[in-house]
Amino acid sequence: MSWLRALRETARSGLTIERRSLEPLIALRGAAGLALVVGLSLAFFGPVIAAGSAFGAFQAAIATFQRSWRPRPVLALVSGLSLAVSTFIGYLTVNRTMLFLALLVVWTFVAGLTWAVGSTAGIIAGSNVAIMLVTITLPTSVLDAAEHAGMMALGGLVQAALIVLFPVRRWGAQRDALADALAAEADYARRLRDDPVAPFDPVPLMTARSAAAVTPRQARRRPADLHGARGVAERLRPVLASLADPALGVPAEGPERYWAREILGAAGSLLDSAADAVRHGDPVQLDEEALSVLKSPDTEVILVGPPRRAAERLVSLLADVIEIAEGTGTDDRTPGEPLVPHRRRPTLLRLVPVVYRAMRREMRLGSTILRHAVRVSAVAAAGYLIGLVLPFGHGYWAPMTAVMVMRPEFTQTYSRSVARFGGTVVGVGCATGIVQLAHPTAWPSAALAVISAGLMYLLMRTGYAVSQVCVSAYVVFLLGMAGDDWAQTVPERVLLTFVGGLLAMVAYALYPAWETPRLRDRLAGWLVTDGRYAATVLDRYADPASRSLDDVRAALLTTREARVAWQEALETARHEPVRHRGISRTAASDAEDALAQFGRVAMLMEAHLPAVSANPVPEAAGLAVALRRATEQAAKAVRERRVPDWEPVRAELRRRDAEGPVPDTFVRDGALLLLDALEDFSQALEGTRRP
């Protein structure tokens, strides 16, 4: 993609307004907390401290809107307290330019590194640094700065208290994640009726897994219908696929196919009912017709062999899902395994070493997060110096804008820069018009600021440009309440916002972290994890008694993460103004299809794993070893831009054939399908993939 087209696409993306479901009660609660803090501060301390405290309550409410599985009160408290500390330390050094500049560089560098923990931590840390650049200009003494910091911390405390006193959909995020996973399974079951090899997006299951991790305190309070259903949903996907697949399941045509389609349709209906019950916390409303299909004795008459086992397993898993959704089931285990405790999430104190280790791992050459930290700290310092040199009184707008819009990824940085400038022009223009017409004093300005913030909370998810319109108006009203002259603030803010956005865009162009050159490495990583997953499944066939399902589950989760990392990298690379450097879009798409098929065959084999008491299949052990070695060598070839060779796997299959009759045709057929997928992968990289 050329630079001109990339800029056009990112600008369009930044200015796009999306239709999203609004959450008016949550927005009203955030605005009420802001109004309470501003009102108290204005009444007892005056407009200047009220403006500072408003930033604390404002940012604390924004933190609660981030995608995080931690309790919302904790996010509000952490945001308010960290902003208070940043403001106080910043004020102590702001009169010493070089000392404050050093502090700003360190502060923004650490904030950039926090993206290693996740987007929520990165957004909160970056926003606190940006807002600190504004709030340090408000105090006039050390005691005044302490009062500002105290009121900011109080703002976070007030927002946290309101969340506790007036909860809106307790466990709502976790309910939505689990319901989305069940709904994705339902949609998958329906698509399998018409397309037996339909693809499945693992992201809903991965999101539900992340949402299921809780702290010890959360574990004691978690609703019964959130226990265990995710684990059952994880096991449903391979069973659904194995029932539909014509290679290892029912024939492509005939009565078996017809009955399998009926079972899949019934499964989709019941999973939808369970998803709806989990999402709203209501009793499960079951479809009697779907129940009759699953309970029909025709299953034992029509289906035989692996398809029959899959159908029986599917009925058992659906019964577990319904019991859990009704709050009567608490078991989150597979047959033969001990009871699995809830997934643990560290408390805030235990999270500190986790954060430190994650940030330390990014301190290496080539790290995208490290490059982001370097960029954002350099741009913040440059923006601050430019603000000092320019003949304006609000030079902090430039570095604040740069810190707010910069992200580790190209598209988001450029689209947010455009959106922020456009939103600033519109928001400042609207606020200026209101100020000119009404000439509000402190209390009306505070009310207008609260209204702007409430609109921002309400419309935040519809697009960054929309939120920036509201934020810009909020800041104009708030600083107007503190005594700033709007006639000076407006032109300065617009110009310096443009400068800050331009700095962010230039910094990424000069010191980029392109994803395109890393595509081969991402593809190789997915190939290795896919190979290990398939080999682990084969190991279970080779020795059912001594192998644990934990190994299979761990390998599956690893390959899912690698697949999602590849897909995200590929999507990012599509919008970058960089040449493909060795892997074309067509080759990438075909290779992705081949690896997806490879993982799918391994999943089908997992669905029919033998019981602990089953007879071993020693031949599977040799295939597992050959697969592990071949995929590791192939990954190296992919990174070195060579075409992988699968002769070791073919040789192992030929050796087994030469030794005599195949003792387990299911394993043999599965191994052949795995080899076919690997050969398709090589042909995709050659550009000669067969149709």
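Residues take their numbers from the sequence shown, with the count starting at 1. Excluded from the calculations below are hydrogen atoms, water molecules and symmetry mates; all remaining heavy atoms, backbone and side chain alike, are included.
Counting only heavy atoms from C-beta outward, the side chains of E288 and S292 never approach each other to under 4.5 Å. Within the 4.5 Å cutoff, side-chain heavy atoms of R668 are placed close to those of L653. Taking the side chain as every heavy atom from C-beta outward, E256 and R308 never approach each other to under 4.5 Å. Taking 4.5 Å as the limit, some side-chain heavy atom of D276 sits within range of a side-chain heavy atom of H280. Side chains of L294 and L270 form a contact here, defined as non-hydrogen atoms less than 4.5 Å apart. The side-chain heavy atoms of F681 and V638, taken from C-beta on, include a pair separated by under 4.5 Å.
Legend: residues meeting salt bridge (Lys or Arg N to Asp or Glu O under 4.0 Å) with E640, ordered by chain and number and at least two apart, are R642. Qualifying side-chain contact (heavy atoms from CB on, under 4.5 Å) partners for D176, counting only residues two or more places apart in sequence or in other chains: R169, R279. Applying the side-chain contact (heavy atoms from CB on, under 4.5 Å) test to T631 and every residue at least two apart in sequence or in another chain returns L527, W646. For the side chain to side chain donor-acceptor pair (under 3.5 Å) test, residues two or more places apart in sequence or in another chain that qualify with E652 are R655, R656. Applying the side-chain contact (heavy atoms from CB on, under 4.5 Å) criterion to A241, with sequence neighbours excluded, gives Y188, R600, M603, L604. Evaluation of the side chain to side chain donor-acceptor pair (under 3.5 Å) rule for D282 yields no partner, not counting sequence neighbours. Under the side chain to side chain donor-acceptor pair (under 3.5 Å) criterion, E606 pairs with Y533, sequence neighbours left out. Residues that satisfy the side chain to side chain donor-acceptor pair (under 3.5 Å) test with E18, not counting sequence neighbours, are R20. In this view, D187 and R190, R191 satisfy the side-chain contact (heavy atoms from CB on, under 4.5 Å) rule, not counting sequence neighbours.
With a 6.0 Å radius and a threshold of 12 heavy atoms from other residues, nucleotides or ligands, E253 has its CD atom at or below the threshold. Counting non-hydrogen atoms of other residues, nucleotides and ligands closer than 6.0 Å to CZ of R350 gives a total of 12 or fewer.
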E592/R522 under salt bridge (Lys or Arg N to Asp or Glu O under 4.0 Å): CA gap, chis, key distance, verdict: CA-CA 11 Å; E592 178 180 341; R522 299 284 192 187; over 6 Å; no
S68/Q66 under side-chain hydrogen bond (donor to acceptor under 3.5 Å, both in side chains): CA gap, chis, key distance, verdict: CA-CA 6 Å; S68 173; Q66 302 305 316; over 6 Å; no
I263 vs L303, side-chain contact (heavy atoms from CB on, under 4.5 Å): CA-CA, chis, key distance, verdict: CA-CA 11 Å; I263 294 175; L303 301 180; 4.1 Å; yes
Check against side-chain contact (heavy atoms from CB on, under 4.5 Å), Q597 and D680: CA-CA 9 Å; Q597 173 63 9; D680 285 345; 5.9 Å; no
side-chain contact (heavy atoms from CB on, under 4.5 Å) evaluation trace for T572 with Q412: CA-CA 10 Å; T572 300; Q412 289 191 24; over 6 Å; no
Test log, rule side-chain contact (heavy atoms from CB on, under 4.5 Å), inputs V214 and R221: CA-CA 10 Å; V214 291; R221 299 168 179 264; over 6 Å; no
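The distance from atom OG1 of T558 to atom CH2 of W526, rounded to the nearest 0.5 Å, is 14.5 Å. Between the CG atom in D539 and the CG atom in D551 there is a gap of 8.5 Å [rounded to 0.5 Å]. The structure places CD of E686 at 7.0 Å from CD of Q683, a figure rounded to the nearest 0.5 Å.
Between E632 and K636 there is no salt bridge, since no side-chain nitrogen of the basic residue lies less than 4.0 Å from a carboxylate oxygen of the acidic one.
When all heavy atoms of L314 and A267 are compared, the closest pair comes out as CD2-CB, 4.2 Å. Listed here is the closest heavy atom pair of W69 and A177: CH2-CB, 3.8 Å. The shortest heavy-atom contact between A116 and E362 is CB-CG, 3.5 Å. Counting all heavy atoms, side chain and backbone alike, T368 lies closest to P408 at CG2-O, 3.7 Å. Smallest separation of non-hydrogen atoms from A626 and V649: O-CG2, 4.0 Å. Here the closest non-hydrogen pair linking P255 and I302 is O-CG2, 3.8 Å.
Put simply, the side chain of S210 never gets that close to the backbone of T207: no donor and acceptor are under 3.5 Å apart. Side-chain N or O atoms of S273 include one that pairs as donor or acceptor with a backbone N or O of S269 at under 3.5 Å. Although no hydrogens or angles enter the test, the distance criterion places a donor-acceptor pair under 3.5 Å between the side chain of E576 and the main chain of E515. A donor-acceptor pair is defined here as one N or O able to donate and one able to accept, closer than 3.5 Å; such a pair exists between the side chain of R364 and the backbone of R361. Under a 3.5 Å cut-off, the side chain of R628 and the backbone N or O of R532 do not form any donor-acceptor pair. A donor-acceptor pair under 3.5 Å is formed between the side chain of T529 and the backbone N or O of G525. A donor-acceptor distance shorter than 3.5 angstrom exists from the side chain of R175 to the backbone of V278, with no hydrogens or angles considered.
Sorted by first and then second residue, the ring pair (Phe, Tyr, Trp, His ring centres under 6.0 Å) pairs involving residues 251-275 (not counting sequence neighbours) form an empty list. Residue pairs meeting the salt bridge (Lys or Arg N to Asp or Glu O under 4.0 Å) criterion with at least one partner in residues 555-571, sequence neighbours excluded, are E234-R560, E571-R574.
The only option from L317, V321, L271, D272 that meets the side-chain contact (heavy atoms from CB on, under 4.5 Å) definition with E185 turns out to be L271.
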Donor-acceptor pairs under 3.5 angstrom involving side-chain atoms of residues 192-204: please list them, not counting sequence neighbours.
residue : atom : partner : partner atom : Å
R193    : NE   : R261    : O            : 3.0
D194    : OD1  : R261    : NH2          : 3.1
D195    : OD1  : V197    : N            : 3.3
D201    : OD1  : V203    : N            : 3.2

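Classified by interplanar angle (parallel below 30°, tilted 30° to 60°, perpendicular above 60°), the ring pair H372/W115 is perpendicular.
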